[in-house]
Undergrad: 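One structure follows; several queries about it will come next.
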Amino acid sequence: MTAPAAFASLPERSRGRRHPEAAAPTRSNFQRDRDRIVHSTAFRRLVYKTQVFLNHEGDLFRTRLTHSLEVAQLGRSIARSLGLNEDLVEAVALAHDLGHTPFGHAGQDVLNECMAEHGGFEHNLQSLRVVDELEERYLPYNGLNLTFETREGILKHCSRRHAEMLEQREPGGVGRRFIEGTQPSLEAQLCNLADEIAYNAHDIDDGVRSGLITMEQLEAVPLFVRFRDDTLREFPQARGRRLLFDSIRRMLSQQVYDVIDATRARIAEHQPQDADEARRCPPLIRFSAEMREASTQLKRFLFKELYRHPQVNETTMRAKQVLSELFAAYVHAPAEMQAAFAERAADEGLHRAVADYIAGMTDRFAVREHERLTGRRLF
Ligand code: MG
């Protein structure tokens, strides 16, 4: 372990947990958070939740679980070079998608529409809700009782309205920065960028593997072409999957080095003396200007050619139908939900309880429940 940098988050200086607990004898606060996340029910469900491709479309595509592991791996290796706290990065990375609904972003859009009159639905806020409220594992409290720093990292985005609601419940807590316009810890900023690096790379891989995008189409992505040409210079015979994988591998490495170099320069400019000073600086974890532009181009390509591919759109439409009909079915007959959620309706309101229940489902459980309640099978 390299010595932590002055601006790293230190577990011994944590702002603590909502319910105070004695320190663990052998683990730091952030290690303990990571362990609680790994043992949670929501974490295990990530294996059956869609990233882009539905879980049943193939065994080799990324799921939310493997995506989260890739974010943790990229995040940790960058954190180590920068002297940031690796355990905090790992905890945030493993938890960052816990609030995702079945069927990826399509699911969040549907729940948000269904909840329009009842406070809306937003997956970052839901991830926080999972670790703060919905996990039922410990006797003294609901949720996992994670440290402020891990919860801060999980709440990546938040509307002003939701931030004010959080601030009211928890003054000076994780909602505050969205009101003050400050940044989260550098570890949290890093997870955000590692997320982008991970999905850009693995969505090219899954996109080509699925046949929805071709190597020829990737000619339109200068970032990819650059590394594919590097591969071909070194291995002129390279073709097919190995050419794809080697090009992506080079692209990932270069993006990691780029973040490390650009961030070091930015930190040298601002010289934060501790983690709180880093929060008051502009965002410090970043790509160089050229890599930012290249990454944005790649994102635009994936959006147009993969996320909006007619075949993906078709699945998305059916997924939306499954979830909106499920939502209506449970609102009509709350007793069809698991007892814990049916009971929760009394405290949280029926609609919120239904949204929590559906958001926690895996893709296949949602499909089965939809079939059970409507008699129709859409997948
Ligand atoms: Mg993610």
Side-chain angles (χ1 to χ4, degrees), residues 33-34 37-38 40 42-55 61-79 86 88-109 111-112 121-131 146 149-158 174 184-207 248 251-252 255-256 259 283 285-287 292 295-296 298-303 306-308 312 316 319 359-363:
D33 281 0
R34 188 251 345 260
I37 291 159
V38 168
S40 70
F43 184 72
R44 285 195 296 282
R45 290 202 194 110
L46 292 177
V47 73
Y48 297 114
K49 287 194 177 199
T50 294
Q51 184 69 24
V52 173
F53 295 91
L54 296 194
N55 190 254
F61 299 128
R62 268 68 175 188
T63 68
R64 292 240 171 246
L65 181 67
T66 59
H67 163 69
S68 300
L69 294 173
E70 290 181 33
V71 176
Q73 177 264 319
L74 287 165
R76 284 191 69 140
S77 67
I78 298 171
E86 282 183 56
L88 177 56
V89 168
E90 190 177 18
V92 173
L94 295 180
H96 86 283
D97 273 350
L98 289 180
H100 264 289
T101 61
F103 309 123
H105 283 275
Q108 127 139 355
D109 295 346
L111 285 189
N112 195 30
F121 181 92
E122 206 273 305
H123 70 81
N124 284 298
L125 201 59
Q126 190 70 11
S127 296
L128 187 68
R129 194 165 157 73
V130 167
V131 300
L146 303 179
E149 291 75 11
T150 300
R151 296 173 59 243
E152 173 194 43
I154 291 172
L155 193 62
K156 193 161 62 171
H157 305 290
C158 183
V174 292
S185 71
L186 297 184
E187 285 81 0
Q189 293 179 37
L190 173 52
C191 284
N192 216 345
L193 195 50
D195 188 21
E196 176 179 338
I197 296 174
Y199 64 66
N200 273 341
H202 64 50
D203 289 350
I204 294 182
D205 188 22
D206 283 353
I248 293 174
M251 187 179 88
L252 274 175
Q255 290 191 306
V256 165
V259 173
I285 305 279
R286 48 134 89 196
F287 279 138
R292 168 43 58 215
S295 177
T296 304
L298 168 55
K299 258 197 208 185
R300 271 192 231 117
F301 169 85
L302 286 170
F303 194 85
L306 181 61
Y307 310 146
R308 291 289 175 267
V312 175
T316 300
M361 291 179 181
T362 61
D363 296 356

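We count ligands from 1, going down the list as the structure has it; atoms in each ligand are counted the same way. Position 1 is the first residue of the sequence, and the numbers go up from there. Excluded from the calculations below are hydrogen atoms, water molecules and symmetry mates; all remaining heavy atoms, backbone and side chain alike, are included.
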Undergrad: Could you pull out the atom name of the N/O/S atom in H67 that is nearest the Mg ion (ligand 1)?
TA: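 In H67, the N, O or S atom with the shortest distance to the Mg ion (ligand 1) is NE2.
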
Undergrad: Just checking: H100, one of its N/O/S atoms, less than 2.8 Å away from the Mg ion (ligand 1), yes or no?
TA: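 Within the cut-off used here (under 2.8 Å), H100 places no N, O or S atom near the Mg ion (ligand 1).
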
Undergrad: Hey, could you give me the CG/CG distance between L74 and L193, rounded to the nearest 0.5 Å?
TA: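 Answer for the CG-CG pair, L74 versus L193, is 9.5 Å.
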
Undergrad: Run K156 and E122 through salt bridge (Lys or Arg N to Asp or Glu O under 4.0 Å) and show every step you take.
TA: CA-CA 11 Å; K156 193 161 62 171; E122 206 273 305; over 6 Å; no

Undergrad: Nearest N/O/S atom of D97 with respect to the Mg ion (ligand 1), by atom name, please.
TA: OD2

Undergrad: The Mg ion (ligand 1) is nearest to which N, O or S atom of D195?
TA: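 Looking only at N, O and S atoms of D195, the one nearest the Mg ion (ligand 1) is named OD1.
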
Undergrad: Do K49 and D97 meet the salt-bridge criterion of a basic N to acidic O distance under 4.0 Å?
TA: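 Salt bridge absent between D97 and K49.
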
Undergrad: Verify the distance criterion only: is there a donor paired with an acceptor across the side chains of H100 and H67 at less than 3.5 Å?
TA: no

